[in-house]
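First the structure, in the form of structure tokens, and then the observations on it.
On a predicted model such as this, the values are computed, not experimentally measured, just so you know. Values reported hereafter were calculated over all heavy atoms of this structure, with side chains retained and with hydrogens, waters and symmetry mates removed. Order of the sequence lines fixes the chain letters, A, B, ..., with proteins taken first and strands second; residue numbering starts at 1 for each chain.
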Amino acid sequence: MVQEVCPSESPVLRSIGRALPEHYFRQEVLTEALADEWRLTGETRAHFERFHRAVGVRGRHLALPMARYRDVDTFAKANDAWIDAGSDLGTLAVQAALAEADVAAAEVDHLFFTTVTGVASPGIDAKFINRLNMRPDIKRTPMFGLGCVGGAAGLARAADYLRAFPMHTVLLVSVELCSLTLQLHDRSVANMIASGLFADGAAAVVLFGGARAGGAAVPRILASRSMFFHDTEELMGWQIRDSGFQVLLAAGVPHLVRTRLRAGVDAFLQAQGLARRNIRHWIAHTGGPKVLQAMESSLELPADALARSWASLAAIGNLSSASVLFVAGDLLDSRAARPGDYGLLLSMGPGFCGELVLLQW
Amino acid sequence: MADAKAAQSARAPHPARWDVVIVGGGPAGLATAIAATGQGLSVLVLERRAFPPDKVCGEGVLPPGVRALEHLGVFPYLDRRWTHRFSGIRFIQEDRSSIEALLPGAGGLGIRRTALVEAMTRRAQDLGAVVRHQCAVYRVVREPTQVVVHTSVGTVCGRMVVAADGLNSLLRRTAGLEADSSWRRRFALRQHFRVQPWTDLVEVYVDRVGEAVVTPVSDDCVNVNFVWEDGVIAEPGVQSLARRFPALQLRLAGAPAISSAQGAGPMPRRVTGRCSDRMALVGDAAGFVDSISGDGLSVALNSALLLGRHLPAVLADGAMRASMRTYERAARRLFRRYWLVTTGLLVLARHPRARAAAINYLATHRAIGAALTRRAMQMMVSVA
């Protein structure tokens with residue numbers, strides 16, 4: 001389906017605020033602490049350490065000081081900690097995004113919120129509204145369960161909304177405290193990898209409708225496409241247990257990326273009159289080394305096309321839905337994009353599914 | 001990304017803990033880096049933009065700034081094709097009446113921002129500073145004995161951090177050093193045009209809403225900066241702003257734009273202080289009044305020189321807030337004089353009748369005008 005796109009009416013990605021919790025640990029420190037906690041020895045310990053090295057992460061930020069994780073031994077305690085820490089971290093990200101965009105909290109018309117690492121009702125988006133004194137008529141769209149695709153899908157849904165309300169200002173917030181979902185009793189391979197890969201962080205994005213943004217603002221969100229892969233529900237997700245969120249992470253994810261992503265990307269770009277070679281900036285979710293490699297090979301990307309994603313993965317780990325927003329924020333900060341450049345922001349997550357967002361500077 | 005990689009690989013091995021980590025690789029951050037490395041300190045500069053970072057800037061350096069650049073040893077590195085001398089400033093009113101303020105000595109220097117930053121980066125690197133580009137700073141954690149800076153490409157430690165991250169400084173805000181400002185907010189929009197400079201003066205076209213400042217930055221390029229008050233202009237853009245100044249529009253007729261229009265603001269920004277434990281602010285991050293006086297760069301460079309000079313003593317003394325009192329005092333003195341000159345000009349520009357009276361008076365009493373300019377230049381303290 002070909003979409004009619006008028007660039008000047010397209011929503012604008014105005015700013016991306018990012019926040020990390022203050023507790024930072026080098027990967028070796030975390031690996032050792034977990035191996036000790038699980039009393040791993042000999043071959044098992046060596047395997048475990050290899051898993052943690054293979055994810056390509058040098059260090060991670062955690063919501064709590066390390067000693068406190070043993071106290072959060074029930075779903076209720078972990079979720080309470082998630083609400084507390086998540087509200088603080090999300091507020092910081094929102095403040096950073098509003099300041100960078102020079103937008104007042106009262107100008108926000110619609111607040112989208114995405115997470116997969118904690119639940120609350122009202123959602124912690126209510127905390128942002130109260131703390132920052134946003135308007136009483138603010139619209140709210142909380143989204144739970146999109147997982148890693150939530151950042152990209154959140155941008156796409158926010159842009160969809162702004163096409164209907166081109167004078168509006170939207171805030172998209174992603175808060176992911178993956179460390180608080182870690183199941184200390186689960187010794188599965190999936191959990192061993194997850195315990196080395198995922199970390200905590202929050203990102204907030206200010207988006208303007210095309211009419212609100214004015215003529216010169218960039219980058220524009222030209223179009224987006226969702227991809228749903230039937231009958232792949234078992235590939236990734238949570239099994240929700242009395243103890244909390246138990247991770248499901250099948251080995252088939254990189255294979256699926258290799259075999260299915262390219263056709264989706266090509267079809268999407270073709271519908272926009274573009275091809276992969278027209279894309280100058282690739283903004284990929286930092287799923288992990290195997291997912292990034294699968295993207296590079298299947299999309300036949302130049303050697304350093306995903307350099308920002310690799311650097312982000314190494315510096316702060318996989319922040320689920322927030323990661324792709326961190327990478328996009330790094331690109332905006334760099335001002336490396338030139339007028340007219342195309343960018344493709346992409347992420348995949350539980351469903352199994354993917355979301356593609358086409359940007360133009 | 002090649003530049004970032006090249007910058008990172010320079011001069012390995014790096015210390016596990018830098019004496020000074022500077023956030024922001026613009027003129028203020030780099031001047032601090034040059035001054036600090038000159039004193040034997042190990043310095044890491046983190047810049048979120050790609051090299052060379054461009055930013056909205058008047059690009060005119062007044063004599064105190066030129067002296068600071070000389071002192072920092074930047075001129076041998078400067079690509080002279082992207083510089084242009086100017087001998088003074090001409091203020092032009094709605095009715096085209098005008099007044100010229102001639103600068104003392106060799107005058108000022110228009111320098112394309114990217115050329116200035118390139119030269120300063122190379123100078124800092126030659127002195128041993130490491131400059132990383134495309135490196136976004138997410139969080140600065142100030143611990144009792146060090147600062148830990150978390151970035152998009154990893155984590156680094158230093159004995160103290162210098163926030164040179166500009167008008168919209170994130171570090172200033174997160175350190176609680178930002179003060180509210182009750183002034184009306186002003187914004188700037190900048191674009192370069194390919195045209196031979198028609199005068200060796202910086203021209204300031206004024207009307208009741210704002211001004212347009214034209215600074216020559218090469219033999220065939222001028223920088224045009226439009227500044228206006230928030231909410232006064234419906235759809236601020238280069239076209240709509242240029243229409244306010246027909247005399248300027250005539251000059252620019254047919255001249256191709258050779259940079260994309262970039263906006264900045266709001267001005268002014270106030271601070272409650274320039275220092276905190278293991279952190280000092282410098283440049284626009286340390287407070288900015290307004291672009292109208294054209295001395296932002298001079299103040300940034302001179303306060304960076306000042307900070308660089310104080311850094312060894314500050315570090316020896318523990319780098320806590322108390323150890324930075326002398327810097328704070330000296331920087332405040334430098335800033336206060338700049339505040340006076342800038343505020344005076346701003347108040348005058350906003351009141352058309354008073355402005356017309358002043359300009360007409362000075363136009364007929366040139367000696368007094370020259371004395372005032374000299375006095376203003378003296379007030380902008382140079383520490384070089």
Side-chain angles (χ1 to χ4, degrees), chain A residues 15-26 57-61 89 92-93 95-102 201-203 211 213-218 302-316 319 326-340 361, chain B residues 1-5 8 46-55 132-143 148-157 165-170 172-174 178 185 187 189 191 230 233-240 257 259-266:
Chain A
S15 71
I16 302 184
R18 288 149 285 170
L20 294 165
E22 63 190 294
H23 312 292
Y24 170 81
F25 303 95
R26 281 181 296 115
V57 177
R58 285 201 307 268
R60 288 179 283 159
H61 291 254
L89 202 60
L92 281 178
Q95 285 172 321
L98 292 176
E100 173 89 19
D102 193 38
V218 288
D304 61 351
L306 300 186
R308 276 196 186 81
S309 296
W310 284 105
S312 183
L313 178 67
I316 56 174
L319 311 180
F326 268 71
V327 178
D330 295 345
L331 173 60
L332 291 194
D333 279 1
S334 78
R335 307 289 201 281
R338 288 190 290 272
W361 273 263
Chain B
M1 304 285 296
D3 289 319
K5 273 178 197 155
Q8 273 173 43
L46 307 174
E47 166 59 47
R48 66 180 184 167
R49 291 167 199 244
F51 186 79
D54 197 5
K55 238 181 155 177
R132 277 184 205 161
H133 292 97
Q134 307 205 45
C135 175
V137 170
Y138 299 142
R139 183 166 196 135
V140 174
V141 181
R142 287 177 288 148
E143 297 175 350
V148 183
V149 182
H150 302 286
T151 80
S152 55
V153 293
T155 294
V156 291
C157 299
D165 51 344
L167 189 64
N168 206 359
S169 169
L170 182 74
R172 172 184 64 210
R173 193 155 16 88
T174 50
E178 187 151 305
R185 293 147 44 99
F187 290 87
L189 189 66
Q191 194 158 35
D230 193 14
I233 292 168
E235 271 194 41
V238 170
Q239 300 306 327
S240 62
S259 69
S260 53
Q262 276 191 51

Region of B:Ser260 that comes under 4.5 Å of a non-hydrogen atom in chain A: side chain
What part of B:Thr174 gets within 4.5 angstrom of chain A, counting heavy atoms only: side chain, backbone, both, or neither? neither
Give the minimum heavy-atom separation between [X] and [Y], together with the two atoms involved.
X        : Y        : answer
A:Arg18  : B:Ala136 : NH1-CB, 3.9 Å
B:Arg49  : A:Asp333 : CG-O, 3.2 Å
A:Ala315 : B:Gly154 : CB-N, 3.3 Å

Chain A interface, residue from B:Thr151, B:Val141, B:Asp54, B:Asn168 that has the most non-hydrogen pairs under 4.5 Å: B:Asn168
Could you have a look at B:Ala50, B:Pro266, B:Ser152 and say which one has the most heavy-atom pairs with chain A under 4.5 angstrom? B:Ser152
Please flag which part of A:Leu20 lies under 4.5 Å from any non-hydrogen atom of chain B: side chain, backbone, both or neither. both
Measure the spacing between [atom1] of [X] and [atom2] of [Y] and express it to the nearest 0.5 Å.
X        : Y        : atom1 : atom2 : answer
B:His133 : A:Arg335 : NE2   : CZ    : 13.5 Å
B:Tyr138 : A:Leu92  : OH    : CG    : 15.0 Å
B:Arg173 : A:Gln95  : CZ    : CD    : 8.0 Å

Residues that A:Ala314 engages under side-chain contact (heavy atoms from CB on, under 4.5 Å), provided they are two or more places apart: A:Arg58
Do A:Tyr24 and B:Thr155 have side chains that approach each other closer than 4.5 Å (heavy atoms only, starting at C-beta)? yes
Near B:Arg185 CZ, under 6.0 Å, is it more than 12 heavy atoms from other residues, nucleotides or ligands? yes
Just checking B:Gln239: does its CD atom have more than 12 heavy atoms from other residues, nucleotides or ligands closer to it than 6.0 angstrom? no
Residue selection (most heavy-atom pairs with chain B, distance under 4.5 Å) from A:Ser334, A:Ala99, A:Ala19, A:Pro339: A:Ser334
Qualifying residues under side chain to side chain donor-acceptor pair (under 3.5 Å), relative to B:Ser259, sequence neighbours excluded: B:His192
